[in-house]
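Reviewing the structure listed below.
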Amino acid sequence: MADTKVYQASTTAPVNIAVVKYWGKRDPKLNLPTNSSLSVTLSQSDLRTHTTAACSSTFGPEDTLLLNSSPQDVSGARTQACFRELRTLRSALEASNASLPKLASLPLRIVSENNFPTAAGLASSAAGFAALVRAIANLYELPSSPTELSRIARQGSGSACRSLFGGYVAWEMGANEDGSDSVAVEVAPASHWPTMRALILVVSAEKKGVSSTSGMQITVATSELSKHRFAVVVPKHMEAMKKAIQEKDFETFGKVTMVESNSFHATCLDTFPPIFYMNDVSKAAIRAVEDINTRAGKIIAAYTFDAGPNAVIYYEEENTDAVAGAVKGVLGELDGWEGKEVKVQDTKAIDAKAVQALKDGVSRVILTSVGEGPIRTQDSLISTIGEPIRK
Ligand SMILES: Nc1ncnc2c1ncn2[C@@H]1O[C@H](COP(=O)(O)OP(=O)(O)OP(=O)(O)O)[C@@H](O)[C@H]1O
Ligand SMILES: C[C@@](O)(CCOP(=O)(O)OP(=O)(O)O)CC(=O)O
């Protein structure tokens, strides 16, 4: 009798925010970067993708992906590359063990939910592709390590390779032409430095103007400054950042994080035509962090910005009141503070114009911390007969 069973597996996966930025592809097809990068994985209690992957002979004939209840196009080269690579690994398993069900040839049905805005510069593609690859690897019962899976997730979205791990994660750029050594590795688990906190100021939840994918290709094609960044600046920052993490040295971690973000946005400005991801609200966030650090007499807070105006501010738990409390003094009315213990500080130390720009331009805050990598879950988004379940 034909096997009509619905096979399925589910996972959640985290967002990561880079402190040494990936910005440039040396091979756009394989998604190979011009430089290594390093990120902090953020807690899934606050930001996460939840994905269920299923396969069955009753599905299809096409593979499908439902994201936050709306059907997505899976015909793109990046999603196809992930499906193809995972099927190849499953086929090899099936070839070596005839008793395994033949899943590689069955149509896939993927259902996914992001609990944060998609394509708003909140690294949705990172959590999204990490969850997609991890869920299918679980479904196929692949013995692959997170580093092996990171090679596949990288082809979906570069930054996704870093979301296969928790804690502090490096994406080593690699040297091989086929990308086999362009993978993510753990620098330190979350438990090594669990006191790292992140405060996200959501400046804009709208879809961004220039996508990362096209922006970074124009940078590589036109920016002279980026050559110096790839050859000199990033290698230095990678080394300093790894050491700072090993030694839990926040001052160095914070300094490199801010200089890195500035270097990345400088190469965006040096791109022709120029790309501006930061706006006046972002600049106000930088000013606020500078003023908080000046009041403390040392670096206790560090800003970083991705391909959008949202600010991510890293700090250590012991400085929660001095950093998050100062921001709460300005933005205490907004959503995001509920259930988090943060004592409001006066805003005297922060420049009055910056205070006003933040009040006018920030729509919500997210308080989170360093967290774990993908977590397998029994909580499924697909029923036993293969129908999507709405949560
Ligand atoms: N849960 C998901 N499952 C599969 N794909 C996803 C998921 N979430 C997002 N994506 C893919 O990622 C795309 C958004 O990526 P994009 O790089 O534009 O934004 P971002 O990730 O928010 O920003 P950035 O990566 O620059 O920080 C979506 O259009 C979708 O194709
Ligand atoms: C600024 C960044 O967030 C850029 C992320 O770029 P993506 O990983 O979204 O790009 P693609 O590989 O084209 O999908 C920096 C970073 O996360 O390192």
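One-based numbering, in listed order, for ligands and for the atoms of each. Hydrogens, waters and symmetry mates play no part in the numbers below; they use all other heavy atoms, side chains included.
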Look up atom OG in Ser99 and atom CD in Glu94, then write down how far apart they are to the nearest 0.5 Å. 10.5 Å
Can an N or O of Thr213 be found at a distance shorter than 3.5 Å from an N or O of ligand 2? yes
Check Thr51 against ligand 1 and report side chain, backbone, both or neither, counting heavy atoms closer than 4.0 Å. neither
Looking at Gly158, which atoms of ligand 2 are within less than 4.0 Å of one of its heavy atoms? 8 (O), 11 (P), 12 (O), 14 (O)
In sequence, state the C-alpha distance, the side-chain angles, and the governing distance for Lys21 and Asp306, and then conclude on salt bridge (Lys or Arg N to Asp or Glu O under 4.0 Å). CA-CA 8 Å; Lys21 303 291 187 189; Asp306 280 342; 2.6 Å; yes
Under 3.5 Å: N/O of Asn16 near N/O of ligand 2: no
Quick one: does ligand 2 sit under 4.0 Å from the side chain of Asn31, the backbone, both or neither, non-hydrogen atoms only? side chain
Gln246 (side chain) donor-acceptor with Val187 (main chain) under 3.5 angstrom: yes
May I ask whether Phe264 places a heavy atom under 4.0 Å from ligand 2? yes
Can you list the atoms of ligand 2 that are under 4.0 Å from a heavy atom of Ser125? 9 (O)
So OG of Ser145 and CZ of Arg151: to nearest 0.5 Å the spacing works out to 10.0 Å
Geometric class of the Tyr277/Phe264 ring pair [parallel <30°, tilted 30-60°, perpendicular >60°]: tilted
Honestly, for Thr213 the part within reach of ligand 1 (heavy atoms, under 4.0 Å) is neither
Polar-atom distance check: Tyr22 versus ligand 2, any N or O pair below 3.5 Å? yes
Is the closest heavy atom of Asn114 to ligand 1 under 4.0 Å? yes
What I'd like to find out is whether the side chain of Lys25 reaches to under 4.5 Å of the side chain of Val220, using heavy atoms alone. no
Would a distance-only check, ignoring hydrogens and angles, find a side-chain to backbone donor-acceptor pair under 3.5 Å from Thr41 to Phe165? yes
Quick check on Arg154 - does any of its heavy atoms sit under 4.0 Å from an atom of ligand 2? no
Is any NZ, NE, NH1 or NH2 atom of the basic residue among Asp346 and Arg295 found under 4.0 Å from an Asp or Glu carboxylate oxygen of the other? yes
Can Thr49 and Thr51 be said to form a side chain to side chain donor-acceptor pair (under 3.5 Å), step by step? CA-CA 6 Å; Thr49 294; Thr51 298; 5.7 Å; no
Hey, are Glu318 and Arg197 close enough for a salt bridge, meaning a charged N less than 4.0 Å from a carboxylate O? no
Mind checking whether Gly156 has an N or O less than 3.5 Å away from an N or O of ligand 2? no
Measure Ser159 to ligand 2 on non-hydrogen atoms and call it side chain, backbone, both or neither using the 4.0 Å cut-off. both
Are any of the N/O atoms on Lys25, whether in the backbone or the side chain, positioned under 3.5 angstrom from an N/O atom of ligand 2? yes
State whether the shortest distance between N or O atoms of Ser212 and N or O atoms of ligand 1 falls below 3.5 angstrom. yes
With a 4.0 Å heavy-atom cut-off (strictly under), which part of Ser157 contacts ligand 2: side chain, backbone, both or neither? both
Per-atom contacts, ligand 2 versus Ala18 - under 4.0 Å to a heavy atom: 16 (C), 17 (O), 18 (O)
side-chain contact (heavy atoms from CB on, under 4.5 Å) with Val323: which of Ile292, Asn293, Val289? Ile292
With heavy atoms only and a cut-off of under 4.0 Å, state how Ser112 meets ligand 1: side chain, backbone, both or neither. side chain
Atoms in ligand 1 flagged as close to Thr49, the criterion being non-hydrogen separation under 4.0 Å: 1 (N)
For the backbone of Phe305 and the side chain of Ser261, can you confirm whether one donor and one acceptor N or O come within less than 3.5 Å of each other? yes
Strictly below 4.0 Å, N to O, side chains only: are Arg229 and Asp270 in salt-bridge contact? no
Met216, Gln217, His265, Glu260: member with heavy atom nearest to atom 10 (O) of ligand 2: Met216
With atoms numbered from 1 as shown, which atoms in ligand 1 lie under 4.0 angstrom from a non-hydrogen atom of Ser124? 8 (N), 9 (C), 14 (C), 19 (O), 20 (P), 21 (O), 22 (O)
